[in-house]
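Everything below concerns the one structure shown next.
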Amino acid sequence: MCKKQEKDSALQETLNEKETETLQLVEDEDGSELCYCIYCGCYYIDNNPQFDAKKYNTDIASGELELFSEPTDEDSPDDEDYFWGCPECETDEYLIDV
């Protein structure tokens, strides 16, 4: 086997190991509601969960959502709008409820 094939084989082994190490959601009545960012691939504790959302063990979470603000449009009586977003991506665009 040439060096390139050895590197490719080692890389594939590493990828296969990572796939088997994927994080698992574990329901836990004492846990927290979670959301998932499809852009960065992280789970976060959901600070604004839907009513009756399932609770999960928080060991899988990378942290909590962060509160962000943005200027409102000119028709709004407020100066800023607030939203809970992914602390890595700084948006709520890619968040999904778990």
Side-chain angles (χ1 to χ4, degrees):
M1 185 180 308
C2 73
K3 292 218 185 258
K4 183 181 182 327
Q5 288 174 324
E6 286 176 12
K7 284 183 182 178
D8 289 347
S9 178
L11 177 61
Q12 189 59 50
E13 278 183 45
T14 302
L15 291 174
N16 290 341
E17 288 172 11
K18 292 237 184 253
E19 286 177 12
T20 59
E21 293 175 10
T22 53
L23 301 171
Q24 299 294 317
L25 289 170
V26 177
E27 284 190 47
D28 182 351
E29 290 180 12
D30 297 324
S32 292
E33 295 86 352
L34 299 177
C35 59
Y36 180 74
C37 179
I38 60 174
Y39 189 80
C40 69
C42 294
Y43 288 94
Y44 293 100
I45 295 172
D46 192 345
N47 300 85
N48 187 25
Q50 292 189 6
F51 180 72
D52 278 347
K54 289 183 181 178
K55 293 185 177 188
Y56 296 93
N57 183 306
T58 58
D59 290 346
I60 195 172
S62 297
E64 293 186 30
L65 294 179
E66 190 172 318
L67 186 61
F68 292 95
S69 65
E70 62 185 2
T72 59
D73 60 22
E74 59 191 46
D75 297 332
S76 175
D78 300 319
D79 292 332
E80 293 182 298
D81 280 332
Y82 295 92
F83 65 94
W84 292 100
C86 172
E88 294 295 319
C89 302
E90 299 183 357
T91 182
D92 61 355
E93 185 174 347
Y94 305 110
L95 293 176
I96 58 172
D97 292 320
V98 177

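Throughout, numbering of the chain's residues begins at 1 and tracks the sequence. Computation of the quantities below employed the complete heavy-atom set of this structure, encompassing side-chain atoms and omitting hydrogens, waters and symmetry-equivalent molecules. Everything numeric in this text was worked out from a predicted model, so none of it was measured.
Taking each heavy atom of Tyr36 and Gly41 in turn, the nearest pair found is OH-CA, 3.3 Å. Closest approach of Gln50 and Asp97 over heavy atoms only: NE2-OD2, 2.7 Å. Scanning both residues, Cys89 and Tyr39, for their nearest heavy atoms gives SG-CD2, 3.5 Å. Between Ile60 and Gln24 the shortest heavy-atom distance is CD1-O, 3.6 Å. Across all their heavy atoms, Lys55 and Gly31 have their closest contact at CD-O, 3.5 Å. Heavy atoms only, all atoms of each residue included: Ile45 and Leu34 are closest at CA-CD2, 3.9 Å.
Of the possible polar contacts, none joining the Asp46 side chain to the Cys35 backbone as a donor-acceptor pair under 3.5 Å is found.
The aromatic rings of Phe68 and Phe83 sit parallel to each other, their planes meeting at less than 30°, with 60° as the upper class boundary.
Taking CG of Asp92 as the reference point, atom CD of Glu66 lies at 12.5 Å (rounded to 0.5 Å). Interatomic distance, CD of Glu88 versus SG of Cys42, reported as 6.0 Å (0.5 Å rounding).
More than 12 heavy atoms of other residues, nucleotides or ligands sit less than 6.0 Å from atom CD of Glu70.
Side-chain contact between Glu27 and Tyr56 is present, with heavy atoms from C-beta onward closer than 4.5 Å.
Residues Trp84 and Tyr43 fall into different hydrophobic clusters, defined by Ile, Leu, Val, Met, Phe, Trp and Tyr side chains chained together at heavy-atom separations under 4.5 Å. Cluster annotation: Ile96 and Leu65 are assigned to distinct hydrophobic clusters (Ile/Leu/Val/Met/Phe/Trp/Tyr, side-chain heavy-atom contacts under 4.5 Å, transitive).
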